[in-house]
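To keep things clear, I will list the structure first and then write my remarks on it.
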Amino acid sequence: MPALLVSVQLAELAWIALELAGVERTATDPSVHTVAQVHLTYMPYSHSVATVLGGALLAAGVLWAVTRRRDVALAVGLGIASHLVLDLLTHAPDLALAPGISTPKLGLGLYASAPWAAFLLELAYGVLCWRIHRGGRALLATIVLFNVANVSMFSAAIPGPEELLPGRPLLLPVLVLAQIAVTLVLTGALARRRGRETVTAPPTGAWRSPLPS
């Protein structure tokens, strides 16, 4: 479970490290009320199609060589690659094909053109993952609440911490890192607890397998 949780956020963790190191860059409008006013101006290493997919293949290959477990290698590789799915739908066109290739840039731009659709898409994606995992109610509540906690990023009418971003370029990766740390710890703890409950439960009609049917 820890490897899977880190895999889906690996591109984001790489972006945080590169932002703090000054390698990749973010800019904002003079005032920020929604995520559409935050511009990921340069991130060819953490979020390009080639580096994300290449990282997925590399991680899967290393895990296979070390563990000889095809299921773990495949799951982690898919976890890393899956980060591109929502990014391609929600980001403005800021995703490069590969480092050194400046055009075309990819991204459907739902954050700017249809922010509430982007919010509902991200929420639905989290709930779908919960359903596949057959998680408990506490895990579902965590997924929903942490998505709702970001709602100010999707509506200019709702004030939130994003209003602190102008003039503070390093604040965004710090805030994202804090959120990732909290959500991954809670999600991992609740997912593992649910797994232990299903493994140790007696064989009654109420027992449900943790694997999708």
Side-chain angles (χ1 to χ4, degrees), residues 1-13 15 35 47 49 52-53 55-57 59-60 63-64 67 69-91 95 106-111 113-155 158 160 176-213:
M1 185 58 69
L4 291 175
L5 291 171
V6 171
S7 73
V8 297
Q9 290 288 7
L10 190 61
E12 211 77 344
L13 293 170
W15 169 78
V35 68
H47 277 71
V49 175
V52 172
L53 296 182
L57 290 173
L63 281 173
W64 164 246
T67 67
R69 288 194 56 181
R70 186 177 301 173
D71 56 345
V72 173
L74 180 61
V76 170
L78 288 175
I80 294 172
S82 73
H83 192 93
L84 278 174
V85 176
L86 289 182
D87 280 359
L88 287 169
L89 292 173
T90 58
H91 275 227
L95 302 169
L106 306 178
L108 189 59
L110 286 181
Y111 281 147
S113 63
W116 285 110
F119 171 78
L120 292 174
L121 176 66
E122 292 183 350
L123 177 60
Y125 193 83
V127 173
L128 174 63
C129 292
W130 168 83
R131 180 66 181 85
I132 292 172
H133 179 68
R134 297 287 182 90
R137 293 180 180 177
L139 178 58
L140 176 61
T142 299
I143 292 169
V144 172
L145 288 175
F146 274 96
N147 274 274
V148 171
N150 286 329
V151 73
S152 65
M153 294 290 289
F154 298 89
S155 173
I158 303 173
V176 172
L177 178 60
Q179 186 181 58
I180 288 175
V182 173
T183 54
L184 289 192
V185 168
L186 282 175
T187 301
L190 293 170
R192 293 179 71 181
R193 186 178 75 178
R194 178 62 176 175
R196 289 193 298 268
E197 289 173 354
T198 54
V199 168
T200 58
T204 67
W207 185 87
R208 296 194 304 168
S209 168
L211 299 176
S213 57

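For this chain, numbers begin at 1 and follow the sequence in order.
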Which heavy-atom pair separates [X] from [Y] by the least distance, and what is that distance?
X      : Y      : answer
Pro115 : Phe154 : O-CD2, 3.2 Å
Gly77  : Ala56  : O-CB, 3.2 Å
Ser82  : Val8   : OG-CG1, 4.0 Å
Leu190 : Ala138 : CD1-O, 3.6 Å
Leu84  : Val49  : CD1-CA, 4.1 Å
Ala191 : His133 : O-NE2, 3.5 Å

ask   = Just checking, any donor-acceptor pair under 3.5 angstrom between side chains of Asn150 and Glu122?
value =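 Not at all, the side chains of Asn150 and Glu122 share no donor-acceptor pair under 3.5 Å.
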
Within the 4.5 Å heavy-atom criterion, are [X] and [Y] side-chain neighbours or not?
X      : Y      : answer
Leu88  : Leu108 : no
Leu57  : Leu53  : no
Leu4   : Val76  : yes
Leu13  : Leu177 : yes
Val151 : Trp116 : yes

request  = Indicate the ring-plane relationship of Trp15 and His47, choosing parallel, tilted or perpendicular according to the 30° and 60° boundaries.
outcome  =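 Ring orientation, 0 to 90° scale: perpendicular.
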
If you measure from [atom1] on [X] to [atom2] on [Y], what distance do you get to the nearest 0.5 Å?
X      : Y      : atom1 : atom2 : answer
Leu186 : Leu5   : CG    : CG    : 11.0 Å
Ile80  : Leu10  : CD1   : CG    : 5.0 Å
Thr183 : Leu145 : OG1   : CG    : 12.5 Å
Thr90  : Tyr125 : OG1   : OH    : 11.0 Å
Leu184 : Gln179 : CG    : CD    : 10.0 Å
Tyr111 : Asp87  : OH    : CG    : 7.0 Å

inquiry  = Can a donor-acceptor pair be found, under 3.5 Å and without considering hydrogens, that links the side chain of Trp130 to the backbone of Gly136?
reply    =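 Looks like yes, one N/O pair under 3.5 Å.
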
